[in-house]
Amino acid sequence: MAALRPARSALLPPLCRAFAGPSYQLSPERAAERRDAASGRVSGFCPPRKSCHDWIGPPDKHSNLRPIHFYVPENESPLEQKLRKLRQETQEWNQQFWANQNLTFRKEKEEFIHSRLKAKGLELRAGSGQKATLDAEEMADFYKEFLSKNFRKHMYYNRDWYKRNFAITFFMGKVALERVWNKLRPKPKTTST
């Protein structure tokens, strides 16, 4: 295994921050909610310095996706760099989408439960201190409504997800061909005079 050069080791902290998740702007009404969650967002995980492989980290507590720490080889070609950056950008985009989607889902679910319990004249917590819940049929109403309301968002997400994956697959093919070509092409002969 080849060790990273000292100049490359300076990249590890930014990559670890990128590994922990993207930095993105939220609407002002959600900023306070995310501020509380953001403190636990940064993962202390960082692969060993001498690793020559991509590393998959623990699930992100907001998106439930496992972020990837991408290995940067010393002799990375421009095409390989473009592929890696596209993969990193796709990962960050995916993490952001699902973190926002899960936050919205949890918030709307709590509001739905609270409104239904209030309509029934019940409190959020029963007299014994146990949290009141709704039955499966009532929750099915929420799930159906949530999916219907977010249909377009999911449709656009799926469209973009496929576009990104086709682009990644295309560049992976180009990188594979470049590597084969580099192995097969005739090496220039060095002549001594």
Side-chain angles (χ1 to χ4, degrees), residues 11 14-43 45 47 53-73 76-113 115 134 136-181:
L11 291 175
L15 284 175
C16 290
R17 281 193 302 274
F19 174 72
S23 58
Y24 50 88
Q25 296 293 320
L26 292 172
S27 59
E29 63 271 8
R30 296 245 174 97
E33 291 172 350
R34 282 302 266 163
R35 203 173 22 256
D36 297 333
S39 61
R41 179 130 173 102
V42 177
S43 171
F45 173 79
H53 305 284
D54 294 345
W55 281 67
I56 299 174
D60 178 79
K61 71 180 194 178
H62 302 290
S63 69
N64 294 324
L65 300 176
R66 291 181 175 270
I68 302 170
H69 186 285
F70 293 95
Y71 168 66
V72 181
E76 184 177 49
S77 73
L79 194 56
E80 290 172 323
Q81 182 181 29
K82 188 171 184 177
L83 171 62
R84 180 180 48 81
K85 287 184 176 185
L86 181 60
R87 290 177 66 206
Q88 285 173 327
E89 180 185 305
T90 299
Q91 173 193 323
E92 291 170 2
W93 168 81
N94 204 22
Q95 290 278 353
Q96 176 183 344
F97 176 84
W98 286 110
N100 287 338
Q101 188 66 9
N102 291 343
L103 180 69
T104 302
F105 176 81
R106 284 189 291 271
K107 182 180 177 190
E108 290 183 17
K109 181 179 172 185
E110 286 299 317
E111 289 171 357
F112 177 83
I113 291 170
S115 68
L134 299 175
E137 285 185 28
E138 289 176 300
M139 288 309 296
D141 292 338
F142 166 73
Y143 298 133
K144 181 181 178 188
E145 181 183 319
F146 185 82
L147 288 173
S148 295
K149 188 167 61 171
N150 289 284
F151 176 78
R152 280 200 179 290
K153 184 192 277 188
H154 288 147
M155 185 178 68
Y156 292 135
Y157 166 80
N158 284 334
R159 182 198 62 196
D160 291 345
W161 176 248
Y162 282 111
K163 280 182 183 179
R164 288 172 180 269
N165 276 295
F166 283 130
I168 288 170
T169 303
F170 175 74
F171 279 107
M172 288 175 86
K174 286 179 77 171
V175 165
L177 287 173
E178 179 183 61
R179 287 177 182 163
V180 168
W181 173 252

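Here the structure is a predicted model, which is why all the values come from computation and not from measurement.
- Taking NZ of K149 as the reference point, atom CD of E108 lies at 3.0 Å (rounded to 0.5 Å).
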Stepwise side-chain contact (heavy atoms from CB on, under 4.5 Å) test for Y157 and N94
CA-CA 9 Å; Y157 166 80; N94 204 22; 2.5 Å; yes
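- The number of heavy atoms from other shown groups lying within 6.0 Å of CZ (R152) does not exceed 12.
- The ring pair (Phe, Tyr, Trp, His ring centres under 6.0 Å) check on F142 picks up F105, F112, F146, with sequence neighbours excluded.
- Distance check: R84 CZ to R87 CZ gives 10.0 Å after rounding to the nearest 0.5 Å.
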side-chain contact (heavy atoms from CB on, under 4.5 Å) assessment of W161 paired with W93:
CA-CA 9 Å; W161 176 248; W93 168 81; 3.5 Å; yes
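- Residues S63 and A99 approach most closely at CB-N, 3.7 Å, considering heavy atoms.
- Contact check for K163 versus R159: side-chain heavy atoms found under the 4.5 Å cut-off.
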Please lay out, stage by stage, how K174 and K82 fare under the test side-chain contact (heavy atoms from CB on, under 4.5 Å).
CA-CA 11 Å; K174 286 179 77 171; K82 188 171 184 177; over 6 Å; no
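- How far CG of L83 is from CD of E76: 8.5 Å, rounded to the nearest 0.5 Å.
- Counted within 6.0 Å of NZ on K153, heavy atoms from surrounding residues, nucleotides or ligands total more than 12; the atom is thus considered enclosed.
- The stretch residues 137-147 participates, sequence neighbours left out, in these side-chain hydrogen bond (donor to acceptor under 3.5 Å, both in side chains) pairs: K120-E138.
- Side-chain atoms of Q91 do not come within 3.5 Å of backbone N or O of P67 as any donor-acceptor pair.
- To the nearest 0.5 Å, atoms CD1 (I168) and CG (L86) are separated by 4.5 Å.
- Among all heavy-atom pairs drawn from D54 and F70, the shortest one is OD1-CA, 3.5 Å.
- The closest donor-acceptor contact from the side chain of R66 to the backbone of I56 lies at 3.5 Å or more, if one exists at all.
- Under the ring pair (Phe, Tyr, Trp, His ring centres under 6.0 Å) criterion, Y156 pairs with no residue, sequence neighbours left out.
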Assess the residue pair F171 and L79 against the criterion (side-chain contact (heavy atoms from CB on, under 4.5 Å)); give the C-alpha distance rounded to whole Å, side-chain angles, the decisive distance to 0.1 Å, and a yes or no.
CA-CA 8 Å; F171 279 107; L79 194 56; 3.8 Å; yes
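- Atoms OG1 and CZ, from T90 and R164 in turn, are 4.5 Å apart once rounded to the nearest 0.5 Å.
- Between E110 atom CD and I113 atom CD1 the span is 5.0 Å, to the nearest 0.5 Å.
- Between the side chains of H154 and Q101, a donor-acceptor pair is found at a separation under 3.5 Å.
- A donor-acceptor contact shorter than 3.5 Å links the side chain of N102 to the backbone of H62.
- Within the 4.5 Å cutoff, no side-chain heavy atoms of D60 are placed close to those of N64.
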